[in-house]
Amino acid sequence: MSDLRGILNLWDAAMCSHLNGPLQDPSETPASAAGALPSGVPLHEALALTKGGGLAGIELNGQVYALRITRQGRLLLTK
């Protein structure tokens, strides 16, 4: 598990150094984003999950997934 975290940290550093410009400010999230979800569903800012970087690890049932913010500002979730 610690090896995967190290790989994720290296990937995060590599992705951040190749991004074209800064990532969007979380305060610029469209107001309509929250309206797309049913009431009571948690809304998480991607930049908060990645701590301002381009990658976060998400664990579910012992499996670790990588959440990446692409250069185009899209999200990828991979195993």
Side-chain angles (χ1 to χ4, degrees):
M1 183 70 88
S2 64
D3 290 339
L4 182 55
R5 285 195 179 101
I7 291 168
L8 289 174
N9 287 337
L10 288 173
W11 178 264
D12 187 34
M15 288 299 294
C16 288
S17 67
H18 288 82
L19 291 174
N20 295 330
L23 295 172
Q24 288 184 338
D25 184 338
S27 65
E28 297 174 4
T29 301
S32 61
L37 295 173
S39 178
V41 173
L43 176 64
H44 302 279
E45 292 288 341
L47 287 176
L49 293 174
T50 62
K51 295 186 179 178
L55 182 70
I58 300 174
E59 185 177 351
L60 176 67
N61 297 327
Q63 297 289 318
V64 176
Y65 298 83
L67 176 70
R68 291 184 183 86
I69 301 174
T70 68
R71 292 182 193 147
Q72 295 80 25
R74 297 181 180 170
L75 293 176
L76 292 177
L77 183 63
T78 56
K79 196 168 188 181

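Considering NE2 of His44 and CD1 of Ile58, their distance stands at 9.5 Å, rounded to 0.5 Å. In this structure, OG1 on Thr50 lies 8.0 Å from CG on Leu55, to the nearest 0.5 angstrom.
The shortest non-hydrogen separation linking Leu47 to Gly53 is CD2-O, 4.0 Å. Nearest heavy atoms, Leu37 versus Pro42: CD1-O, 4.1 Å.
If you chain together hydrophobic residues whose side chains sit under 4.5 Å apart, Leu76 and Leu49 never meet in one group.
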